[in-house]
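The block underneath contains the structure these notes are about, expressed in structure tokens.
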Amino acid sequence: MVTLTTDVLVIGGGATGAGVAWDASLRGLDVILVDRLDLAQGTSGRFHGLLHSGGRYAVKDPLAARECVGENRILRRVAADSIEDSGGLFVTTPFDDPDYADRFVAGCRQSDVDCQEIPVAVALREEPRLHPQITRAFRVPDASIDVWKTVWALAHGAQQRGARILPYHEVMSIERDRDTVTGARVHDLRGGEDLNVQARVTVNASGARAGTIAQLAGIEGVRLLPGRGIMIAMNHRLVNTVINRCQMPTDGDAIVPIRTVCVVGTTDQRTDDPDDQTVLQSEVDAMLDEGEKLVPGLRQARALRVWTGVRPLFEDAKQADSESETRDVTRAHALLDHRERDGVSGFVTITGGKLTTFRLMAEQTVDAVCSALGSEQRCRTTVEPLPGSESGRNYKLGERLGHKEQHLRDEQVICECELVARAKLEQAIRRTGSSNLDDIRRQLRLGMGPCQGGFCIYRAAGVMHELHGLSAEQADASILAFLQERWKGVWPVLYGDQLRQARFDEWIFHGVLDVDHLPAIASRS
Ligand SMILES: Cc1cc2nc3c(=O)[nH]c(=O)nc-3n(C[C@H](O)[C@H](O)[C@H](O)COP(=O)(O)OP(=O)(O)OC[C@H]3O[C@@H](n4cnc5c(N)ncnc54)[C@H](O)[C@@H]3O)c2cc1C
């Protein structure tokens with residue numbers, strides 16, 4: 001078995017783990033990061049897309065609100081290229097308690113959330129699809145954040161400083177020498193081999209699975225209360241600003257414009273399964289009904305797809321009440337130094353929190369790592385821009401279109417919905433070395449538009465086949481896996497135009513390509 005040695009082993013390549021890898025690399029530590037999936041394929045890749053201003057938590061969870069305020073300001077600078085400065089509005093609709101608005105203003109003032117009341121007429125002029133009977137409107141610095149861009153920028157930044165980033169490597173066991181964790185045994189899911197990673201400190205950043213990983217280290221009582229939430233992407237930006245209902249956080253009370261779509265969300269159901277991807281029709285209906293309260297007519301718009309994420313909410317086992325509602329558990333994060341807590345050194349768990357606060361979580365974690373290693377290197381992630389964000393300019397909708405208009409004749413488009421050019425696709429295929437079209441999708445937004453891959457995915461498979469020299473069987477398998485993954489999100493919203501699109505896609509894939517009987521697939525049976 002191959003043995004790798006490092007200063008820090010990070011388990012988990014979501015925003016938190018990638019943030020830890022970036023921070024630790026900037027402090028000169030040698031890092032290995034492993035994830036059982038591709039990066040940001042856990043909760044980080046399945047969230048609502050909101051860079052919180054803190055407004056959402058201003059009344060209910062002032063600590064969480066304060067953390068969001070600070071991190072929002074920092075990330076706008078250092079991760080500028082991943083953020084669209086859409087701004088945010090909290091609006092009182094006819095369905096909300098009108099008294100909440102004053103508590104909201106007071107909460108924002110106390111938590112330092114920048115909040116300004118604006119005339120309703122101004123809000124309606126800016127966002128004409130909003131419910132016409134809103135009675136109050138508050139401007140806050142919410143924004144939307146592209147998580148895949150962020151996490152890959154963190155990973156690339158760490159790699160440039162020598163970190164080894166290993167997606168599709170699952171931790172099977174944690175190694176201990178008496179009271180010290182010494183690393184982990186990791187299985188390479190693509191190569192099929194096991195690796196022995198010896199680390200001076202191991203960081204458990206495995207999100208909703210943090211309890212399971214802690215158990216592998218022989219530590220009990222790291223208790224997560226996973227909260228499952230669904231979100232629905234509509235095929236247009238029905239709003240250009242993040243819109244929240246001005247009320248206590250509840251289901252379906254926010255719409256976030258992300259790239260070319262907007263996303264309605266979310267729910268919060270307690271689950272025992274950190275990989276729970278259940279979508280109930282009743283939840284979809286409830287979400288669309290709630291969306292109507294903010295944007296009347298939303299139900300008539302075209303819903304593209306639905307997905308589920310599971311919140312890694314931490315509750316200290318000593319205080320846990322098994323009947324707790326997950327919405328009532330704090331959104332603040334938990335850093336567990338297991339030397340202090342359990343007498344096990346060389347092992348730290350970081351979990352809970354929000355995507356908005358991943359940088360702060362990483363900073364505190366690497367502070368603990370440095371203290372264990374006797375290093376006095378200071379955190380630089382508040383000032384060091386991520387690769388691609390050096391200019392400090394935020395991403396703007398229309399950039400891809402603007403680029404395309406400059407290259408009308410010299411650039412072949414592979415995905416028309418998301419304007420993915422062939423050169424970009426080839427670059428991503430070469431860079432990732434992946435033969436999984438879904439991995440490429442997350443990097444480029446390939447196949448994420450209205451046709452959900454209907455027109456582009458066989459073209460992309462052809463390009464990948466040529467570049468990687470895939471066998472027919474591998475190329476077929478990649479198309480089928482992509483279609484299966486897309487289908488999971490489409491079937492719960494099969495109505496109206498999306499139903500027509502799905503029928504059309506079915507003709508393409510079954511009628512023209514006969515995907516169930518592609519030569520390589522047929523030769524297997
Ligand atoms: C429905 C929903 C909506 C949300 N919306 C927002 C929002 O709008 N704004 C916001 O700020 N926050 C939001 N959040 C919260 C935010 O998404 C999470 O707090 C954050 O993404 C957690 O990141 P993480 O890196 O800690 O966990 P994850 O992203 O889950 O990363 C953990 C990683 O560990 C890996 N892993 C697990 N076990 C192993 C193993 N044995 N070996 C190797 N790797 C392993 C997993 O594959 C995974 O990639 C939302 C959450 C949900 C569920």
Side-chain angles (χ1 to χ4, degrees), residues 9-21 33-54 56-57 64 67-68 71-72 75 88 142-145 147-148 150-151 154 166-174 184-189 197 203-216 224 226-232 242 244 249 251 254-256 258 263 265-269 271 274-277 283 287 306-314 326 331-334 349-359 361-362 365:
L9 167 64
V10 183
I11 303 171
T16 309
V20 169
L33 177 147
V34 294
D35 197 295
R36 59 197 262 272
L37 305 168
D38 195 18
L39 300 194
Q41 215 183 330
T43 306
S44 296
R46 313 186 69 83
F47 84 135
H48 200 174
L50 173 54
L51 181 71
H52 287 287
S53 61
R56 186 167 179 80
Y57 305 111
E67 286 180 352
C68 289
E71 291 307 299
N72 180 304
L75 290 179
D142 281 339
S144 68
I145 178 164
V147 68
W148 294 304
T150 311
V151 169
L154 293 163
L166 307 177
Y168 296 106
H169 281 70
E170 180 167 11
V171 167
M172 310 305 289
S173 62
I174 303 272
R185 194 157 61 80
V186 171
H187 183 63
D188 176 353
L189 293 155
V197 183
V203 175
N204 173 12
S206 58
R209 288 177 168 259
T212 312
I213 294 290
Q215 272 176 338
L216 290 181
L224 275 292
R228 178 179 63 82
I230 72 157
M231 288 136 287
I232 305 177
V242 177
N244 295 270
D251 288 354
I255 306 181
V256 182
I258 305 175
V263 179
T266 170
T267 53
D268 198 347
Q269 287 295 318
T271 173
D275 293 326
D276 194 345
Q277 292 193 12
E283 292 173 332
M287 201 63 18
V306 183
W307 69 94
T308 310
V310 176
R311 292 179 182 80
L313 303 177
F314 174 77
T326 51
R331 262 46 175 174
H333 57 269
T349 293
I350 175 74
T351 190
K354 287 163 294 300
L355 195 118
T356 303
T357 56
F358 81 84
R359 193 214 58 83
M361 294 163 70
T365 306

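Everything numeric here is computed off the predicted structure, so don't read it as measured data. Both ligands and their constituent atoms are indexed starting at 1 by order of listing. Side-chain atoms are counted along with the backbone in the values below, which use heavy atoms only and exclude waters and symmetry mates.
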Top protein contact for [atom], by heavy-atom distance:
{"atom": "atom 14 (N) of ligand 1", "answer": "F47 CB, 4.0 Å"}
{"atom": "atom 21 (O) of ligand 1", "answer": "S44 OG, 3.0 Å"}
{"atom": "atom 38 (N) of ligand 1", "answer": "R209 CD, 3.3 Å"}
{"atom": "atom 35 (C) of ligand 1", "answer": "D35 OD2, 3.3 Å"}
{"atom": "atom 36 (N) of ligand 1", "answer": "R36 CD, 3.8 Å"}

Test of understanding: given a 4.0 Å heavy-atom threshold, classify the contact between [X] and ligand 1 as side chain, backbone, both, or neither.
{"X": "T266", "answer": "side chain"}
{"X": "M361", "answer": "neither"}
{"X": "I213", "answer": "side chain"}
{"X": "A18", "answer": "neither"}
{"X": "K354", "answer": "both"}
{"X": "S206", "answer": "both"}

Using a plain distance cutoff, I'd like to know if [X] has any nitrogen or oxygen under 3.5 Å from a nitrogen or oxygen of ligand 1.
{"X": "T43", "value": "yes"}
{"X": "T356", "value": "yes"}
{"X": "Q41", "value": "no"}
{"X": "T267", "value": "no"}

**Message:** Going by the closest heavy atom to atom 22 (C) of ligand 1, which one wins out of A205, G353, P167, P312?
**Reply:** P312
**Nearest-option assignment for atom 9 (N) of ligand 1, heavy atoms, candidates L39, V186, L50** = L50
Using a strict 4.0 Å cut-off to heavy atoms of [X], name the atoms of ligand 1 that fall inside it.
{"X": "G229", "answer": "1 (C)"}
{"X": "H52", "answer": "7 (C), 9 (N), 10 (C), 11 (O)"}
{"X": "V310", "answer": "53 (C)"}
{"X": "L37", "answer": "47 (O)"}
{"X": "T16", "answer": "23 (O), 24 (P), 25 (O), 26 (O)"}
{"X": "G49", "answer": "8 (O)"}
{"X": "G12", "answer": "33 (C), 34 (O), 35 (C)"}
{"X": "G309", "answer": "53 (C)"}

**Prompt:** Does the side-chain contact (heavy atoms from CB on, under 4.5 Å) test come out yes or no for F314 and T349, once each step is laid out?
**Reply:** CA-CA 11 Å; F314 174 77; T349 293; over 6 Å; no
**Request:** Decide yes or no for D35 and Y168: does some side-chain heavy atom of the first lie under 4.5 Å from some side-chain heavy atom of the second?
**Result:** no
Grab the two heavy atoms, one from [X] and one from [Y], that are nearest each other, plus how far apart they are.
{"X": "D142", "Y": "H52", "result": "OD1-C, 3.7 Å"}
{"X": "V151", "Y": "A18", "result": "CG1-CB, 3.9 Å"}
{"X": "P312", "Y": "T351", "result": "CB-OG1, 3.8 Å"}
{"X": "I232", "Y": "W307", "result": "C-CZ3, 4.5 Å"}
{"X": "V263", "Y": "I258", "result": "CG2-CD1, 3.7 Å"}

**Message:** Test your reading of the model: is there a side-chain donor-acceptor pair from W148 to the backbone of A40, 3.5 Å cut-off?
**Reply:** yes
**Message:** Could you check whether any side-chain N or O of H333 sits under 3.5 Å from a backbone N or O of I350, counting only pairs where one atom can act as donor and the other as acceptor?
**Reply:** no
I'd like to know whether ligand 1 has [X] as a neighbour, heavy-atom separation below 4.0 Å.
{"X": "R228", "result": "no"}
{"X": "M231", "result": "yes"}
{"X": "A208", "result": "no"}

**Request:** Could you go through the side-chain contact (heavy atoms from CB on, under 4.5 Å) check for F47 and I145 one step at a time?
**Result:** CA-CA 10 Å; F47 84 135; I145 178 164; 3.9 Å; yes
**Asked** In Å and rounded to the nearest 0.5 Å, what is the OG1 to CG distance from T266 to D251?
**Response** 7.5 Å
**Prompt:** Knowing that exactly one of R228, R311, R46 qualifies, which makes a salt bridge (charged side-chain N to carboxylate O under 4.0 Å, His left out) with D276?
**Reply:** R228
**Request:** Please test V197 against L166 for side-chain contact (heavy atoms from CB on, under 4.5 Å), starting from the C-alpha separation and ending with a verdict.
**Result:** CA-CA 12 Å; V197 183; L166 307 177; 5.8 Å; no
